[in-house]
Protein chains: 2
Amino acid sequence: MGENLPGDAVENGKKSPRTPKHWELKERLADLLRAVSPGGSLPGERALASEFGVSRTTVRKALAELTAEGRLTRVHGSGTFAGEGKLTQRLQLSSYTEDMRSHGRRPTSSLLDARIGAADPELAALLGIRSGDDVLRLRRLRRADGEPMAIETSRLPLPRFPGLDRFVGDGSLYGVLYQHYGVELGHAEETIETALATPAEAALLGNEAGALMLLLSRHSFDTEGRPVEWVRSVYRGDRYKFVATLVSPQSSDESTERERER
Amino acid sequence: MGENLPGDAVENGKKSPRTPKHWELKERLADLLRAVSPGGSLPGERALASEFGVSRTTVRKALAELTAEGRLTRVHGSGTFAGEGKLTQRLQLSSYTEDMRSHGRRPTSSLLDARIGAADPELAALLGIRSGDDVLRLRRLRRADGEPMAIETSRLPLPRFPGLDRFVGDGSLYGVLYQHYGVELGHAEETIETALATPAEAALLGNEAGALMLLLSRHSFDTEGRPVEWVRSVYRGDRYKFVATLVSPQSSDESTERERER
DNA sequence: GGACTTGAGTGGTTTAGACCATTGCGATTA
DNA sequence: TAATCGCAATGGTCTAAACCACTCAAGTCC
């Protein structure tokens, strides 16, 4: 990964606590992997274990880390293959569809379910409604070039958008909001953190439970500053990364600094 | 995590491939954990294994996932303790110091090493210099309230900032750039992805090798659009999350769309 | 009192082996 | 020919056990 300045060999001369065998094996497997083109296959676990003179457990630990980093793909019953690298997703206030298209990818989106429920106090505060008011909850599976990319759970205040549940489908949500309610997005607050896949998420994403995920939360507001939606999305950490463009702080009249630790 | 809408119980009625024992155990341990205040201790691995009637290996797998999620902290030789939650770091073009201070935290920063090396072609392109030109590489350890937070590796073009290596220290790099070279930052392109800690990183961050990390790359430009630095930072994924404010795309004259997949 | 040693208890690593679940292909069969 | 079955190979889960490395406190020695 571009660490080509001279003198990088011994990063820490400290005391070298001890190098676990699975780490050393991981490095050797990474070397082996460099000679394999994306999609190519690797030897089986048992073969690797005997070849390198370690137990299968140790092999699995090394392979697990390489898989978490997206450098390997493993298919139960079939084999272990070289990974495909990460796609990028831009952090910006535009629709998923046009964003993906600008990257030359074919985006699709399918509505998993739409439910109406009552807002708890926390959610009510986020959406600018009263506790107990109706909230429309949408779950979408987003794909890029057919491959599952993220599970997105949106929550919108029904009192502000009466009848919204009858308009939503696989199409653009933001389009519906604009056409039926005249709402345009102004800004959003987005947080990014790591997470592990739940079994349910893994099943939808073609993933493994416990896999590395990126968790995005987005709190969107319209051009007049009123809350529009609260979204929680999980992305496969081994397949996607995010890009943001930061600008010099001159339009920083964001006096509404919200404290939301944890 | 605010999943309080009714009907959340059975997320996927699909076919339920099988629930591994370590997953079930993880849920039970999470329950057990809810009754423990942050910093409180849990029983040892061997005790848990016999209490739940599983092997120590299975206990360790469940504990490992909870640790990766930041819900547990484990100390070799001492015990297993409840986690402390995540701190937030804002994605913005301001100094680390003032950002942390605005969150009420005491930031410190120490220079690990400063080296001069030759740029490879890729790095030269990023920094707007010729391949082989001198590059100053700085490694910093950033802390918040004394706790190691991130390892930051910056690379700056020495031809543009002659003598910079004599000015750098534990203080603000951006301050030095402004005072000695009149450089102010204009914008930056930042990418965020997941990674696993290397043993060297883990040693510096008080972490475990293979732990979940957030990897930030920042490519900064001055107010005239010339590249200033290229930074690569690793943050503990179990302790930090990032916040960005997105604004409506009106000033999107970013015709310099750079393709940097993988 | 202060410095050192010792040992019990903790998490960390590794092994060898068993069994399960999925895949895919070759042989068999209709 | 086309569908089906069986089986071997693969990755996934789990166990029991051994040993290592670190921490901390109790005990010991000076």
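Per chain, numbering begins at 1; letters A, B, ... match sequence-line order.
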- Protein-to-nucleotide contact annotation, 5' to 3' order, nucleotides 3-15 of chain D [B base; S sugar-phosphate only; - none; under 4.0 Å, heavy atom]: ------BBBBBSB
- For B/A64, check side chain to side chain contact (heavy atoms under 4.5 Å, CB included) against everything at least two apart and list the hits. none
- Task: For B/F81 and D/dT23, give me the distance from atom CZ to atom P, rounded to whole Å.
- Result: 12 Å
- Task: Please list, chain by chain and in numerical order, all residues satisfying ring pair (Phe, Tyr, Trp, His ring centres under 6.0 Å) with B/F242, sequence neighbours excluded.
- Result: B/Y235
- Message: Could you work out, with side chain to side chain contact (heavy atoms under 4.5 Å, CB included) as the rule, every residue matching A/T73, not counting sequence neighbours?
- Response: none
- Task: Sequence neighbours left out, what passes side chain to side chain contact (heavy atoms under 4.5 Å, CB included) with B/P107? Give chain and number order.
- Result: B/Y96, B/T97, B/M100, B/R101
Side-chain donor-acceptor pairs under 3.5 Å in residues 32-49 of chain A, sequence neighbours left out?
from, atom 1, to, atom 2, distance (Å)
A/R34, NH2, A/D31, OD1, 2.6
A/E45, OE1, A/R56, NE, 2.7
A/E45, OE1, A/R56, NH2, 2.9
A/E45, OE2, A/R60, NH1, 2.6
A/E45, OE2, A/R74, NH2, 2.5

